[in-house]
Protein chains: 2
Amino acid sequence: MPPVARNSRTRILEAAEALAREVGPGNLSLDAVAQRAGLSKGGLLYNFPTKAKLMEALVEHHVTRSRKALLVSRDAHAGKPNALARALIDVFKIECAEKGPRPSGVLAAIAENPGFLEPVRRHQQQMAAELKALSDDPDLACIVFLAVEGLRSQRLFEIDLFSEAESERLMDRLARLVEEQRPAGPGVTAP
Amino acid sequence: MPPVARNSRTRILEAAEALAREVGPGNLSLDAVAQRAGLSKGGLLYNFPTKAKLMEALVEHHVTRSRKALLVSRDAHAGKPNALARALIDVFKIECAEKGPRPSGVLAAIAENPGFLEPVRRHQQQMAAELKALSDDPDLACIVFLAVEGLRSQRLFEIDLFSEAESERLMDRLARLVEEQRPAGPGVTAP
DNA sequence: CTTACTGTACCGGCTGGACGGTATTGTCAA
DNA sequence: TTGACAATACCGTCCAGCCGGTACAGTAAG
């Protein structure tokens with residue numbers, strides 16, 4: 001059997017991800033990726049004809065992954081108000097619990113050229129639009145989004161400001177904010 | 001007069017910052033920085049004996065800058081509850097309005113080695129500690145912090161999800177959340 | 001002369017990527 | 001069934017160019 005372990009592309013993507021973490025996002029070299037993925041540089045360049053394409057794929061991979069998880073979770077909350085905001089919270093909780101490696105592949109892409117963030121931009125734009133459209137209190141929903149994004153960036157940069165327990169507590173608090181859903185009336189405090 | 005425009009270090013830092021934005025955070029080369037800063041490579045390496053030192057300085061520069069602004073703003077809010085959280089909001093508003101360039105120097109440092117984020121880590125840890133200590137509702141304060149950090153990361157990655165007006169509105173909403181400051185009474189939680 | 005700094009020249013090493021080759025699998029007419 | 005041809009997936013080598021860093025010579029001020 002030739003050393004084809006069921007999908008070179010995936011193996012390459014994973015190797016790149018792991019390597020970016022090890023050598024630093026800006027020091028990712030094709031040689032190293034090829035070696036790590038268990039194929040030759042020629043083989044790598046067959047799958048991704050240029051480094052830019054690899055980076056692109058790295059970002060796209062990450063976006064589709066997290067988007068899929070998000071949509072599943074949203075559907076689980078279907079019917080409730082602010083389903084998407086709740087899903088945002090849930091998915092982050094799950095990601096945290098998984099202790100899955102931080103997506104430093106994305107950092108590698110940014111290092112090469114911040115323009116590679118375009119898919120992320122699009123995805124977030126879409127989410128923000130839905131968030132605003134389907135919420136009784138769009139601003140609050142956005143704040144939830146931003147807070148989750150804040151925690152996410154902490155994770156991305158490996159700044160562990162909050163313990164896992166704390167993060168979870170904060171997420172719960174966010175969830176409570178969303179559920180209470182006071183219709184943005186100023187001044188009135190106690191329900 | 002030799003082309004010493006009053007402080008080579010600063011000129012170098014600014015040149016590096018600007019270049020990182022232009023060529024991508026991971027493609028910052030010493031030659032280019034030197035040229036841009038208007039001196040020779042030898043001169044550059046006299047001021048920063050190694051690229052790592054330059055990156056370090058880039059991060060430190062950024063941290064001290066934003067920290068200074070933050071402390072000033074906090075003192076302006078002195079006395080009020082949650083002074084720091086309010087300061088966080090204000091400073092971000094100001095940064096936004098300034099339209100100052102995004103700190104891609106920091107991205108360059110990360111590209112080289114995420115470990116360079118240590119000063120950022122320390123700074124944020126300190127802020128989080130104060131935030132928790134001096135607030136009647138620490139969790140809410142942390143959420144404010146995270147939301148601001150979320151917007152900040154949007155800016156860092158040049159993902160302009162929210163217009164300036166929207167950002168400001170969201171910040172105001174955050175400020176209102178802080179002011180209302182319901183003392184986190186868990187009494188009414190209805191599970 | 002010393003201090004503080006700038007400028008030039010250069011080197012070894014690594015990098016992206018082009019290229020030609022090869023083994024395996026697929027397709028299809030005879 | 002077979003033989004001809006082509007597509008797929010991959011390998012190994014080579015190279016021009018760039019990068020960080022060193023070495024060293026210069027210069028202006030005190």
Side-chain angles (χ1 to χ4, degrees), chain A residues 1-20 22-59 105 107-116, chain B residues 1-59 104-105 107-116:
Chain A
M1 185 170 51
V4 57
R6 214 22 173 5
N7 198 347
S8 297
R9 265 186 82 96
T10 308
R11 257 167 49 233
I12 291 170
L13 256 14
E14 280 162 7
E17 190 88 45
L19 262 176
E22 286 169 28
V23 302
N27 304 325
L28 199 59
S29 79
L30 296 185
D31 282 284
V33 172
Q35 194 174 351
R36 179 67 166 253
L39 43 57
S40 74
K41 198 165 164 185
L44 170 69
L45 285 169
Y46 173 80
N47 289 276
F48 301 95
T50 159
K51 196 181 186 183
K53 293 277 181 200
L54 174 58
M55 296 303 169
E56 232 168 273
L58 233 32
V59 174
L107 281 185
I110 296 171
E112 203 77 13
N113 177 356
F116 287 134
Chain B
M1 189 166 49
V4 56
R6 219 0 174 19
N7 194 349
S8 298
R9 267 187 79 95
T10 307
R11 255 167 51 234
I12 292 170
L13 256 14
E14 279 163 8
E17 189 88 23
L19 262 176
R21 218 166 300 126
E22 287 169 27
V23 301
N27 303 326
L28 199 59
S29 78
L30 296 186
D31 283 283
V33 172
Q35 194 173 355
R36 179 67 168 255
L39 46 56
S40 72
K41 198 167 162 184
L44 170 72
L45 286 169
Y46 177 80
N47 288 275
F48 301 96
T50 161
K51 196 182 187 183
K53 292 279 180 198
L54 174 59
M55 297 303 170
E56 231 167 275
L58 233 33
V59 175
S104 23
L107 280 185
I110 296 171
E112 203 77 16
N113 175 355
F116 287 134

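Lettering of chains follows the sequences in order, A, B, ..., and the numbering in each one begins at 1. Note that the coordinates shown come from a computational prediction; the quantities given were computed from them, not determined experimentally.
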Phosphate-side-chain proximity, Asn47(A) and dT8(D), N/O vs OP1/OP2 below 4.0 Å: no
Any salt bridge between Glu22(A) and Arg36(A), counting N to O under 4.0 Å? yes
Spacing of Leu44(A) atom CG relative to dT13(D) atom P, expressed in whole Å: 17 Å
Between dC11(D), dT6(C), dG20(D), which nucleotide gets closest to the side-chain atoms of Ser40(A)? dC11(D)
To the nearest 0.5 Å, how far apart are CG in Leu44(A) and CD1 in Ile12(A)? 5.0 Å
Just the rounded figure in Å: distance from C1' of dG20(D) to CD1 of Ile12(B). 15 Å
What distance do Asp31(A) atom CG and Lys41(A) atom NZ have between them, rounded to the nearest 0.5 Å? 3.5 Å
Could you tell me the separation between the CZ atom of Phe48(B) and the P atom of dC5(C), rounded to a whole number of Å? 12 Å
Ser8(A) side-chain N/O to dA9(D) phosphate OP1/OP2 under 4.0 Å: no
Please report the distance, rounded to the nearest Å, between NZ in Lys51(B) and P in dC18(D). 15 Å
Round to a whole Å and report the spacing from OH of Tyr46(A) to P of dA9(D). 4 Å
Rounded to whole Å, the CG-C1' distance (Asn27(A) to dC18(D)) equals 15 Å
On DNA chain C, compare the nucleotides closest to Gly42(A) and Ser29(A); which residue's is nearer the 5' end? Ser29(A)
Find the distance Leu28(B):CG to dG20(D):C1' and express it as a whole number of Å. 12 Å
Pair up each side-chain donor or acceptor in residues 46-57 of chain A with any protein partner under 3.5 Å, not counting sequence neighbours, and list the distances.
| unit_1 | atom_1 | unit_2 | atom_2 | d |
| --- | --- | --- | --- | --- |
| Asn47(A) | ND2 | Gly43(A) | O | 2.9 |
| Thr50(A) | OG1 | Ala52(A) | N | 3.2 |
| Lys51(A) | NZ | Leu28(A) | O | 2.8 |

For the base of dG7(C), is there a side-chain donor-acceptor partner from Lys41(B) under 3.5 Å away? no
Run the side-chain contact (heavy atoms from CB on, under 4.5 Å) test on Ile110(A) and Ile110(B) for me, step by step, so that the C-alpha distance in whole Å, both residues' side-chain angles and the decisive distance to 0.1 Å come before the verdict. CA-CA 10 Å; Ile110(A) 296 171; Ile110(B) 296 171; over 6 Å; no
Quick one: Leu45(B) CG to dG7(C) P, roughly how many Å, whole number? 13 Å
Establish, with yes or no, whether the OP1 or OP2 oxygen of dG17(C) is under 4.0 angstrom from a side-chain nitrogen or oxygen of Thr50(A). yes
